[in-house]
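Both counts, for ligands and for their atoms, begin at 1 and track the order of listing.
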Amino acid sequence: MLVSTLAILLVSVRAAFNPLEHSGPASPYFDAPEQFGIPADTPAGCTVDQAAYIVRHGSRYPEPGSFAGWQALFNKVQNATFSVQPGPLAFLPDWTPPVDDAPHEPLFLTSTGAREAFDLGVQLRKRYRFTPGGSNFTVWSAGQQRVVDTATYFLRGYLSQGNYLSAPTLNRGTAFVLPDSVNFTFADSLTPSTSCPNYPSGDTGAASANAFRSSFQANVAKRLNAAFLRGLTLNATDIGPMMDLCGFSDEIDGDDRFCDVFEPSEWLDYEYAHDLNYYYGSGPGNPFSNTVGFPWTKAVRDLFVVGPGKAPEGAAFIPPPLIMGFTHDNNIPPVVSALGIWNTSIIPGVYPLSHTKPNPLRNFRASYLVAFRGYVALERLTCSTVPTSARHHTAGQQGSTPIGRPLGTFVRVRINDAPVPIPGCTSGPGSTCSLNKFSAHVDAQGLRAGDFAQRCGVTQTNATSDVTFLTRQPDTARGESAVVLSVP
Ligand SMILES: *[C@@H]1O[C@H](CO)[C@@H](O)[C@H](O)[C@H]1NC(C)=O
Ligand SMILES: *[C@@H]1O[C@H](CO)[C@@H](O)[C@H](O)[C@H]1NC(C)=O
Ligand SMILES: *[C@@H]1O[C@H](CO)[C@@H](O)[C@H](O)[C@H]1NC(C)=O
Ligand SMILES: *[C@@H]1O[C@H](CO)[C@@H](O)[C@H](O)[C@H]1NC(C)=O
Ligand SMILES: *[C@@H]1O[C@H](CO)[C@@H](O)[C@H](O)[C@H]1NC(C)=O
Ligand SMILES: *[C@@H]1O[C@H](CO)[C@@H](O)[C@H](O)[C@H]1NC(C)=O
C-alpha cells in the first residue's frame with residue numbers, strides 16, 4: 001500500500017517536472033511560481049496607475065559559441081560508428097542541430113521569441129487598460145536587433161491598430177533605441193555594465209558556474225554511456241550543449257527530445273550552475289551589480305513619486321504610464337540587487353549562494369528571472385477599502401455609492417509575474433509597500449550602491465550617473481534614435 005502510494009507519487013512528480021522551467025536563460029518564458037505565496041492578481045480595492053518593466057528579449061537562436069558546441073556534438077556523433085539502446089537517446093543517429101540557415105539565424109529572435117513579445121503586449125494592454133484608442137506610446141530598447149525586434153513585436157501586440165500603424169501621420173508606436181553595450185553612455189543606458197570598468201571584478205559567475213558543472217557533468221555522461229551507448233563515448237564537454245538543446249530546440253522548432261534525456265536531479269544541477277553564473281556574475285553576488293542597477297531603479301522611483309502623466313521638474317518628455325525597457329539577460333539581475341530583493345532570508349546561510357551545494361530555500365533562481373522575455377516589473381497602486389454593503393447607481397450619474405475609504409499609494413515588485421516582497425515593507429494590500437516607504441527604501445539602497453561614475457571607476461569627464469532617457473528625446477549625438485513603427 002505504502003509502496004504503491006510512493007510509486008504513484010514518484011510518477012506524478014516525474015510527470016510534473018518540466019525541464020523547460022529549470023533551464024535558466026535557455027527557458028522559454030513561463031510565469032514564475034509564487035515563491036512568497038502572494039497572489040499575482042492586483043489586490044482587491046487597488047488599481048495600478050503606473051508600471052515600469054525591464055525585460056529581456058524573447059527566445060533567440062544560439063550565440064555563435066554555443067552553436068559551435070552543437071556542431072561539435074553533431075560531428076562527434078556523425079563520425080562515430082555506434083549503437084544506441086531503445087530509450088531517450090535513440091534519436092541521436094538522426095539528430096541534426098536546429099539551425100537550418102546559419103548565416104541568418106544565430107543571435108536573432110526565433111518565432112517563439114516574436115510570439116513571447118507580442119503576447120506580453122496583449123497581456124499588459126489588458127492588465128492595465130492604460131492606453132485609450134489613439135494614444136501615442138513610446139517604449140525604450142537597447143540597440144541590438146533581437147532587442148529592437150522584441151520591442152517592436154511588443155508594440156504591435158500592445159497597439160494592434162493597423163490603421164494607426166499604416167498612416168504615418170497617425171503613427172502611435174515609437175521605440176527609443178539606445179546604443180547597446182558601449183562604454184560612452186554610462187548609467188544613462190539599458191546596458192550600463194559595459195560603461196562600468198570595475199564591474200567584471202571578483203568571482204565572475206562564469207568561473208563559479210563552470211566549477212559547479214564540472215562536479216556533475218562527468219557523472220551524467222557516465223550514466224548515459226552505461227545505459228544507452230556502445231561505440232560512442234559522451235564526455236563532460238558534451239553534456240552542456242545537450243542540456244542547452246532542450247530549451248533551444250523547443251524554442252526553434254518544437255523539438256523536445258533532449259528534454260527527455262536527463263533526470264530531474266540532473267536538471268536541478270544544470271539550473272543551479274546558471275543560478276551561480278547570474279548571482280555572482282550580474283546579480284547580488286557581484287559587488288558592483290547594485291551600482292549598475294540603481295540608476296534605472298531610481299529613475300522609476302522618481303516617476304512613481306510624481307505619478308502618472310507627470311514628470312520630475314526639468315523633464316522634456318513625459319513617459320507613458322507604462323514604462324517599458326527592453327534589454328539583455330545580464331541587465332536584469334542588477335535591478336534585483338538594487339532593489340535589495342532575493343538576497344535576504346530569514347533562514348541564515350542561504351546567501352551568498354554556496355559554490356558547491358544548492359540550497360533549496362534560495363529565491364534567486366535564474367529560471368524565474370532571465371528566462372527568455374523574463375522581466376522585473378514595478379507597479380504603483382492606488383488602493384481603497386472594498387465596500388461590503390450594497391452599492392447604488394443613480395440614473396444619469398456614472399459611478400456608484402458607497403465608494404471605498406482611500407488607503408493610499410503602494411508599490412509592488414513582480415518578477416516574471418510572481419510578486420516579490422520588498423524586505424521589511426509588506427504592510428500594504430497584497431503585501432505591497434507604501435510609496436513613501438518604498439521611496440525611502442530606494443534612497444537607502446542608493447547609499448549602498450554609491451555613485452555610478454565614482455564606484456565604477458569611470459575616467460571620462462562627461463560621465464553621467466543617472467538615467468535620464470525616460471524623460472527626454474533621443475539624442476542622435478549619443479547614437480540614440482527613435483524608430484517609428486510602421487507597416488511596410
Ligand atoms: C569527422 O571528423 C573529421 C576530422 O576530425 C572532420 O573533418 C569531419 O568534418 C567529420 N565529419 C563529420 C561528418 O562531421
Ligand atoms: C509620439 O511620441 C514620440 C516621442 O516618443 C514623438 O516623437 C511623436 O511625434 C509622437 N507621435 C504622435 C503622432 O504624436
Ligand atoms: C571604449 O571602447 C573603445 C572601443 O572598444 C576603446 O577603444 C576605448 O579605449 C574605450 N574607452 C574607455 C575610456 O574605456
Ligand atoms: C570530450 O570530447 C570532445 C570531442 O567530442 C573533446 O574535444 C573534448 O576534449 C573531450 N573532453 C574531455 C573533458 O575529455
Ligand atoms: C547579498 O548578500 C550577501 C550575503 O548576505 C551580502 O554580502 C551582499 O552584500 C548582498 N548583496 C546585495 C547587492 O545586497
Ligand atoms: C561623452 O563624450 C564622448 C566623446 O566625445 C561621446 O562620444 C559620448 O557620446 C559622450 N557621452 C555622453 C553621455 O554625453
Side-chain angles (χ1 to χ4, degrees), residues 142-143 176-203 205 208 275-276 278-299 316 330-355 359 361-365 369 376 413 415 420-425 441-481:
F176 180 149
V177 179
L178 296 108
D180 198 312
S181 305
V182 295
N183 62 8
F184 57 82
T185 50
F186 315 111
D188 206 9
S189 167
L190 281 163
T191 51
S193 63
T194 44
S195 286
C196 181
N198 287 339
Y199 184 76
S201 68
D203 185 331
S208 178
D275 296 349
L276 289 172
Y278 286 94
Y279 181 83
Y280 288 106
S282 54
N286 176 332
F288 297 95
S289 166
N290 57 348
T291 306
V292 158
F294 183 73
W296 182 86
T297 308
K298 178 183 180 294
N330 278 317
N331 301 283
I332 314 287
V335 173
V336 168
S337 306
L339 286 166
I341 53 179
W342 268 12
N343 193 41
T344 56
S345 176
I346 43 166
I347 301 148
V350 177
Y351 302 105
L353 290 184
S354 163
H355 291 272
N359 188 326
L361 300 175
R362 73 192 182 283
N363 303 118
F364 191 99
R365 306 233 176 198
L369 176 68
V376 175
V413 178
I415 301 183
V420 175
I422 304 283
C425 190
H441 172 76
V442 171
D443 283 334
Q445 288 297 114
L447 293 179
R448 303 182 61 186
D451 176 77
F452 182 95
Q454 196 181 6
R455 274 211 79 205
C456 284
V458 175
T459 52
Q460 296 98 314
T461 51
N462 64 348
T464 146
S465 293
D466 298 312
V467 159
T468 69
F469 61 78
L470 294 173
T471 53
R472 60 174 176 79
Q473 300 294 336
D475 178 356
T476 48
R478 294 191 207 180
E480 297 166 350
S481 60

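- The side-chain heavy atoms of Ile341 and Pro423, taken from C-beta on, include a pair separated by under 4.5 Å.
- Taking 4.0 Å as the cut-off, Gly340 does not count as a neighbour of ligand 5 on heavy-atom distance.
- The ligand atoms of ligand 5 that sit less than 4.0 angstrom from a heavy atom of Tyr279 are 1 (C), 2 (O).
- Where the criterion is an N or O separation shorter than 3.5 Å, residue side chain and backbone included, Asn183 meets it with respect to ligand 3.
- Using a 4.5 Å heavy-atom cutoff, the side chains of Arg478 and Val182 are not in contact.
- A side-chain donor-acceptor contact under 3.5 Å links Thr468 and Asp188.
- Within a 4.0 Å radius of atom 14 (O) of ligand 5, the protein contributes one or more non-hydrogen atoms.
- Residue Asn462 approaches ligand 6 through these ligand atoms, each under 4.0 Å from one of its heavy atoms: 1 (C), 2 (O), 3 (C), 8 (C), 10 (C), 11 (N), 12 (C), 14 (O).
- For atom 5 (O) of ligand 6, the protein comes within 4.0 Å by no heavy atom at all.
- Among the atoms of Phe184, some N or O lies under 3.5 angstrom from an N or O of ligand 6.
- Within the 4.0 Å cut-off (strictly below), no protein heavy atom is located near atom 9 (O) of ligand 3.
- Listed by number with element, the atoms of ligand 5 under 4.0 Å from a non-hydrogen atom of Tyr351 are 4 (C), 5 (O).
- Residue Trp342 does not touch ligand 5, judged by heavy-atom distances below 4.0 Å.
- Of the polar atoms of Thr464, none of the N or O atoms is found under 3.5 Å from an N or O of ligand 6, judged by distance alone.
- For the residue pair Asn359 / Tyr351, no side-chain donor-acceptor distance below 3.5 Å is found, with atom types taken as modelled.
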